[in-house]
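Only one structure is covered here, and it is reproduced in the block below.
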Amino acid sequence: MPVPEPEAGRPAGSGEEWLGRNRSTKRRLWEKLNPLSRKQIRVIAEALALQQTHAQLPEPLRARLSATLNELDRLVTRIRALLAEVTRPTPPRT
């Protein structure tokens with residue numbers, strides 16, 4: 001659905017955007033991702049945002065967040081290694 005114009009100022013988007021055309025490349029890429037991927041990216045972004053306010057959290061929550069972020073870091077390392085293995089060229093089969 002098109003976003004209505006703000007009460008003051010310029011329109012929120014161009015006429016082409018209102019008609020569903022001329023969307024940004026980032027927006028199109030985001031829409032191409034499946035819902036599970038979008039959910040996972042959002043969770044990671046929220047965890048990283050929480051990490052920035054880490055010192056302000058109560059101690060039990062801070063400890064749980066630290067443990068979760070460490071686990072996330074281990075998973076990212078494993079995924080990076082798996083992607084490197086998958087993208088490595090393989091010799092042709094004979």
Side-chain angles (χ1 to χ4, degrees):
M1 294 296 299
V3 179
E5 287 188 34
E7 291 181 16
R10 298 186 323 172
S14 70
E16 291 292 315
E17 289 171 333
W18 279 56
L19 294 172
R21 300 182 211 124
N22 195 22
R23 292 176 301 184
S24 73
T25 304
K26 290 180 183 178
R27 180 70 185 175
R28 285 193 304 263
L29 175 62
W30 181 254
E31 291 171 351
K32 285 181 184 178
L33 294 173
N34 67 41
L36 181 59
S37 296
R38 290 194 305 250
K39 181 180 177 183
Q40 291 170 345
I41 291 170
R42 186 170 303 279
V43 167
I44 292 169
E46 289 172 2
L48 293 172
L50 269 176
Q51 186 180 22
Q52 292 178 348
T53 60
H54 189 263
Q56 300 169 357
L57 296 173
E59 180 53 39
L61 190 55
R62 188 172 33 213
R64 286 178 48 209
L65 179 60
S66 291
T68 303
L69 288 172
N70 288 337
E71 179 65 24
L72 180 61
D73 190 40
R74 284 193 298 275
L75 288 173
V76 166
T77 302
R78 289 176 58 196
I79 290 169
R80 188 177 292 135
L82 179 62
L83 288 174
E85 185 177 330
V86 169
T87 58
R88 184 176 35 222
T90 57
R93 294 182 182 186
T94 56

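Hydrogens, waters and symmetry mates play no part in the numbers below; they use all other heavy atoms, side chains included.
With values rounded to the nearest 0.5 angstrom, Asp73 atom CG is found 4.5 Å from Thr77 atom OG1. Expressed to the nearest 0.5 Å, how far CG of Leu75 lies from CD of Gln40 amounts to 10.5 Å. Atom CG of residue Leu83 and atom CZ of residue Arg88 lie 12.0 Å apart, to the nearest 0.5 angstrom. Rounding to the nearest 0.5 Å gives a distance of 12.0 Å between CZ of Arg42 and CD1 of Ile44.
Here Leu82 is tied into one hydrophobic group with Val86, each link being a pair of ILVMFWY side chains closer than 4.5 Å. Clustering of Ile, Leu, Val, Met, Phe, Trp and Tyr side chains at separations under 4.5 Å leaves Val43 isolated, with no partner residue.
The 12-atom threshold is exceeded at CD of Glu71, counting heavy atoms of other residues, nucleotides or ligands nearer than 6.0 Å.
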